[in-house]
> 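I'd like to ask some things about the structure below.
Since we're looking at a predicted model, the values are computed, not measured.
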Amino acid sequence: MSHPVYALVLLIVIITGCKEPMSVERFVKGEGPYTFLVDMSDSTASYDFDLYTRVDAPLDTLRKMTALPLQVTWTSPSFHVFREDVYLPMEGRTSLFSRQVRAPYRAGVRPSEWGQWQVVVRVPDAPEGLCGMGLVVERKKN
C-alpha cells in the first residue's frame, strides 16, 4: 500500500474510532448530594436516563423498602433551574445484606437547551447503608 493511501486509511480508522459513546454511566459514592454533568449538545439525539443505587443493610430492613424519595434538580447551560420529586422503586437484586436497584427515570428527553447540563440528586430521607447514587445516560439518534 502506498504511503498516502495508508495515511488515509489510518485517518478514517482514527476518526471512526473517536466517536462519542452512546451511553455514559457514573456512580457517586457517599452521602450526597450527588452531582452529575450531562452532555446534551447533540441536537440530532434524544436522551434516556436511568437511576441506580445500592443499599447495604440487613435483609429485614431491605424487605421493608419499597421506594426511595428523591429530589432532582436540573440546571441548564444558561442556569435555568428545574426541580422535581420522584421515587426510585426499591425492587432489585437482593442478597442477605445488600440490594442493587436500577430503574428508568426519563426517556426520550430533548432538552430545552443544547449543551452541558448539571443534574443534582438529593435523598432527603436516606436509609442507613445507602452507598451512593448512579446515573446512566443513553444518547439515541433520531
Side-chain angles (χ1 to χ4, degrees), residues 1 4-142:
M1 190 179 311
V5 173
Y6 177 72
L8 180 61
V9 170
L10 182 60
L11 181 62
I12 291 171
V13 169
I14 290 172
I15 290 171
T16 59
C18 295
K19 290 195 291 189
E20 186 178 341
M22 296 303 281
S23 180
V24 177
E25 179 176 330
R26 179 158 181 249
F27 186 82
V28 179
K29 293 180 182 180
E31 298 178 9
Y34 309 99
T35 301
F36 305 94
L37 295 178
V38 179
D39 181 8
M40 291 194 287
S41 56
D42 185 350
S43 64
T44 66
S46 62
Y47 300 85
D48 291 352
F49 296 88
D50 288 358
L51 291 167
Y52 67 100
T53 191
R54 189 180 92 208
V55 178
D56 293 337
L59 186 57
D60 60 332
T61 302
L62 295 172
R63 286 184 177 151
K64 294 176 188 174
M65 292 183 181
T66 57
L68 187 62
L70 306 174
Q71 296 172 338
V72 183
T73 303
W74 293 73
T75 304
S76 75
S78 65
F79 303 104
H80 288 95
V81 176
F82 307 89
R83 290 187 178 95
E84 66 180 332
D85 294 330
V86 297
Y87 292 88
L88 180 63
M90 292 301 291
E91 302 164 355
R93 197 173 81 208
T94 302
S95 68
L96 289 177
F97 299 101
S98 183
R99 178 172 290 164
Q100 295 178 17
V101 175
R102 179 174 170 168
Y105 166 53
R106 292 277 170 246
V109 173
R110 293 193 48 86
S112 58
E113 296 177 39
W114 304 108
Q116 188 87 357
W117 285 68
Q118 181 184 63
V119 179
V120 178
V121 179
R122 289 179 175 77
V123 186
D125 297 318
E128 190 170 332
L130 182 70
C131 295
M133 188 65 56
L135 182 70
V136 179
V137 180
E138 185 175 350
R139 181 171 52 97
K140 296 188 172 194
K141 287 295 196 177
N142 295 327

> Determine whether Tyr34 and Val123 make a side-chain contact, defined as any pair of heavy atoms from C-beta on separated by less than 4.5 Å.
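When only atoms from C-beta onward are counted, Val123 and Tyr34 do touch, with a gap below 4.5 Å.
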> How about OH on Tyr87, more than 12 heavy atoms from neighbouring residues, nucleotides or ligands closer than 6.0 Å, or not?
no
> CE/Met22 to CZ/Arg139 distance, rounded to the nearest 0.5 angstrom?
4.5 Å
> Before you tell me yes or no, could you show the steps for Lys141 and Asp42 under salt bridge (Lys or Arg N to Asp or Glu O under 4.0 Å), namely the whole-Å CA-CA distance, both residues' side-chain angles and the distance that decides it to 0.1 Å?
CA-CA 9 Å; Lys141 287 295 196 177; Asp42 185 350; 2.6 Å; yes
> If I take atom OG1 from residue Thr75 and atom CZ from residue Arg83, how far apart are they, to the nearest 0.5 angstrom?
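Answer for the OG1-CZ pair, Thr75 versus Arg83, is 7.5 Å.
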> Can you check whether Met90's main-chain N or O pairs, donor with acceptor, with Arg99's side chain at less than 3.5 Å?
yes
> Carefully, step by step, assess Lys29 and Cys131 under the rule side-chain contact (heavy atoms from CB on, under 4.5 Å).
CA-CA 6 Å; Lys29 293 180 182 180; Cys131 295; over 6 Å; no
> Measuring only between side-chain heavy atoms, which start at C-beta, is Trp74 closer than 4.5 Å to Val81?
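Trp74 vs Val81: side chains apart.
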> For residues Asp56 and Phe97, determine if any side-chain heavy atom of one lies less than 4.5 Å from a side-chain heavy atom of the other.
no
> Might you point out which heavy atoms bring Ser95 and Leu62 nearest each other, and give the distance in Å?
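Where Ser95 meets Leu62 most closely, the heavy atoms are O-CD1, 4.1 Å.
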> Does Thr35 offer a backbone N or O that forms a donor-acceptor pair with the side chain of Arg26 under 3.5 Å?
yes
> Could you tell me whether the side chain of Tyr105 reaches within less than 4.5 Å of the side chain of Asp48, counting heavy atoms only?
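No, every pair of side-chain atoms sits at 4.5 Å or beyond.
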> Between Arg122 and Thr73, is there a side-chain heavy-atom distance shorter than 4.5 Å?
yes
> Can you give me the closest heavy-atom contact between Arg110 and Ser46, atom names plus distance?
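The answer is CG-CB, 3.9 Å.
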> Looking only at heavy atoms, what is the nearest atom pair of Val55 and Pro127, with distance?
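That closest heavy-atom pairing would be CG2-CG, 4.3 Å.
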> Do you know which two heavy atoms are closest between Glu128 and Ala57, and how far apart they sit?
O-CB, 4.2 Å
> Give a yes-or-no answer on whether the side chains of Glu113 and Ser76 include a donor-acceptor pair shorter than 3.5 Å.
yes
> Quick one: do Leu51 and Leu135 satisfy side-chain contact (heavy atoms from CB on, under 4.5 Å)? Show the steps, please.
CA-CA 5 Å; Leu51 291 167; Leu135 182 70; 3.7 Å; yes
> Can you check whether Phe27 reaches Glu25 side chain to side chain, under 4.5 Å on heavy atoms?
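No - every pair of side-chain heavy atoms lies 4.5 Å or more apart.
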> Check whether any side-chain N or O of Asp50 sits under 3.5 Å from a backbone N or O of Val136 as a donor-acceptor pair, and report yes or no.
no
> Indicate yes or no for a side-chain donor-acceptor contact from Thr53 to the backbone of Gly132 under 3.5 Å, with no hydrogens or angles considered.
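Confirmed, Thr53 side chain pairs with Gly132 backbone.
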> Got Leu68 and Leu130 here, is their nearest side-chain heavy-atom distance under 4.5 Å?
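Side-chain contact under 4.5 Å: yes.
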> Does a side-chain N-to-carboxylate-O contact under 4.0 Å join Glu84 and Arg106?
yes
> What are the two closest heavy atoms between Val28 and Phe36, and how far apart are they?
CG2-CE2, 3.7 Å
> Quick one: closest heavy-atom pair of Tyr47 and Ser41, and the distance?
OH-N, 3.7 Å
